[in-house]
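Heavy-atom basis, side chains included; hydrogens, waters and symmetry copies ignored. We count ligands from 1, going down the list as the structure has it; atoms in each ligand are counted the same way. Throughout, residue positions are numbered sequentially from 1 according to the sequence presented.
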Amino acid sequence: MRLAPSPTGYFHVGTARTALFNWILARQDPEGVFILRVEDTDPERNREEWVQAIYAAMAWLGLDYTGPFRQSENAPAHAAALEALRAAGDLYYCDCTPAEVEARRGEGATPGYDGFCRDRGLERSATTALRFRTPDEGTLNVPDLVRGEVAFALSSIDDFVVARRSGEALYALANVVDDRDDRITHVVRGEEHLANAPKQMLLWSALNAATGIEVPLPVFAHLPLLVNEQRKKLSKRRDPVALELYRDQGYLVAAVLNYLALLGWSPRGDEEIVAMDEIVRQFRLEDVAHSPAFFDVRKLTALNGDYIRRLSPEAFAEACRPWVDPGDVAWRPTGYRPAWGLERYDEGLFARVAPLVQERVARLDEVPAMVDFFFIDPAYDEAAFDKVIRHDPEGPAVLSAAVDAYAGLEAFAPAALHAATLALGEARGLSLRKAQAPIRCAVTGRLVGPPLFESLAILGRAETLARLAAALARA
Ligand code: GLU
């Protein structure tokens with residue numbers, strides 16, 4: 001098995017699913033090997049940073065592999081393969097420009113190359129590319145473990161280019177040479193590659209004959225397309241397809257892997273949260289659907305929330321560190337730093353606060369805005385402040401009453417704070433919710449957040465009273 005990404009952009013969630021399915025299959029087979037091969041043979045479209053992004057994504061996913069290998073390292077083998085095919089008469093030189101091919105093509109003609117140079121006997125020159133001679137008649141059946149046999153009419157497969165004018169092998173050839181060299185038995189990849197499969201089988205067989213090295217042809221499995229809400233193919237521009245984005249937003253890798261496994265496949269039973277060991281036990285390519293799979297960010301987010309709630313409090317606090325700990329952390333979301341410095345941060349305090357937010361977030365990047373007021377003065381949401389304090393006469397009255405009541409409490413604890421707030425609200429004809437709003441806004445800066453009385457208790461009496469007074473002063 002292999003993952004063979006081209007480093008042409010962000011690591012796509014579809015590539016992540018392909019990686020996962022290959023990795024699972026390799027784990028199921030005692031002799032299974034999963035390799036990572038970066039197909040970096042297109043200098044115009046490849047960038048080293050995208051190569052590094054592939055490694056980083058695979059490391060984050062925790063999918064172990066043999067390698068990484070780089071296609072460019074195998075250039076001598078690609079050249080040798082071209083030579084063997086040429087010597088066997090499978091290739092011919094062609095000097096047609098795309099415009100010439102286009103001009104010859106009649107209305108309604110099959111797309112692709114018309115074979116113009118097939119028998120012209122051109123020699124190698126600076127203007128000739130190499131084409132592979134494909135059969136004109138009959139059908140080729142691609143064995144596909146997801147789709148069954150997929151029949152292709154050979155008349156629809158044109159003589160495709162395998163080497164540029166410079167003589168350099170193209171991806172179409174390099175991909176097959178590498179798969180043969182790597183002894184790939186299962187080519188598992190996205191559906192967009194289905195049309196390449198017959199070409200690759202033809203090349204593979206031709207290489208077997210031309211080199212005398214008979215490598216069994218692989219079987220294929222083309223995984224269903226990922227689509228968005230409009231049932232359109234996920235687009236790099238419109239849709240959030242970069243895996244990195246999910247890592248930065250605080251999706252847990254276990255949730256992401258679980259969700260990826262559901263894209264085109266489903267476990268037995270109704271439960272969608274399934275441990276990876278169990279997925280590895282149950283997964284079969286034969287059960288993968290043909291129809292497009294909806295990449296549903298909302299569903300992924302809900303699943304992530306479930307995974308977050310299942311963490312132990314310690315594991316949750318640890319998972320939050322890149323977002324809350326201003327000190328040295330192994331990794332931090334791109335472009336992010338906590339809004340508080342080391343002098344304000346208190347790890348022990350966060351450990352007490354974390355259980356209050358664990359139930360309330362679906363992504364870890366929601367955590368900073370829920371806990372910031374523990375580490376810095378409240379960053380007031382001015383619209384909220386206006387609404388419940390500045391422009392509501394009950395606001396300052398509640399705050400004053402709270403200052404008096406909280407100052408006199410024997411124990412500054414959640415139950416006592418709750419009772420005192422209920423009482424001061426009742427005295428003014430306010431529900432608990434109404435009475436809480438100005439207090440929450442004064443102390444946390446916002447109208448939403450972790451449970452108020454637990455938060456006040458953790459913050460402590462002195463700090464709570466100081467913030468109530470400060471809010472009264474600015475009202
Ligand atoms: N390098 C190809 C791509 O990234 C994948 C080829 C394959 O899996 O066969 O689209």
Peer 1: List the atom pairs, donor and acceptor, that lie under 3.5 Å between side-chain atoms in residues 350-361 and the rest of the protein, sequence neighbours left out.
Peer 2:
unit_1	atom_1	unit_2	atom_2	d
Q358	NE2	I308	O	2.9
Q358	NE2	L311	O	2.8
R360	NH1	L356	O	3.1

Peer 1: Atoms of ligand 1 less than 4.0 Å from S6 heavy atoms?
Peer 2: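 Answer for ligand 1: 1 (N), 2 (C), 3 (C), 4 (O).
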Peer 1: Once you restrict to heavy atoms under 4.0 Å, what part of H193 touches ligand 1? Side chain, backbone, both or neither.
Peer 2: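 H193 to ligand 1: side-chain contact only, backbone stays beyond 4.0 Å.
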Peer 1: Backbone, side chain, both or neither: what part of V187 comes under 4.0 angstrom of ligand 1, heavy atoms only?
Peer 2: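 Within the 4.0 Å criterion, V187 makes no contact with ligand 1.
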Peer 1: Within a radius of less than 6.0 Å around CD of E137, do more than 12 heavy atoms belonging to other residues, nucleotides or ligands occur?
Peer 2: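 Open: at most 12 neighbouring heavy atoms sit under 6.0 Å from CD of E137.
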Peer 1: Provide the number and element of each atom of ligand 1 under 4.0 Å from a heavy atom of P5.
Peer 2: 4 (O)
Peer 1: Under a plain distance cut-off of 3.5 Å, with no hydrogens placed, do H78 and D178 share a side-chain donor-acceptor pair?
Peer 2: yes
Peer 1: For ligand 1, find out whether one of its N or O atoms is nearer than 3.5 Å to an N or O atom of A4.
Peer 2: yes
Peer 1: Please check if the distance between the ring centroids of Y307 and Y251 is under 6.0 Å.
Peer 2: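 Ring centres of Y251 and Y307 not closer than 6.0 Å.
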Peer 1: With distance as the sole criterion, is a donor-acceptor pair present between the side chains of D159 and Y92 under 3.5 Å?
Peer 2: yes
Peer 1: Against heavy atoms of R2, which atoms of ligand 1 measure under 4.0 Å?
Peer 2: 7 (C), 8 (O), 9 (O)
Peer 1: Could you list the atoms of ligand 1 found under 4.0 angstrom from a heavy atom of R189?
Peer 2: 7 (C), 8 (O), 9 (O)
Peer 1: Look only at the side chain of D114 and the backbone of F116, and say whether a donor-acceptor pair between them is shorter than 3.5 Å.
Peer 2: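 Present.
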Peer 1: Of all the non-hydrogen atoms in the protein, which one sits nearest to atom 6 (C) of ligand 1, and at what distance?
Peer 2: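 In this structure, atom 6 (C) of ligand 1 has Y171 OH, 3.1 Å as its nearest protein heavy atom.
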Peer 1: Is the shortest N/O to N/O distance between Q200 and ligand 1 below 3.5 Å?
Peer 2: no
Peer 1: Using the test salt bridge (Lys or Arg N to Asp or Glu O under 4.0 Å), find all partners of R120 that sit at least two apart in sequence or belong to another chain.
Peer 2: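 Scan of R120 (salt bridge (Lys or Arg N to Asp or Glu O under 4.0 Å), adjacent residues dropped) gives D95.
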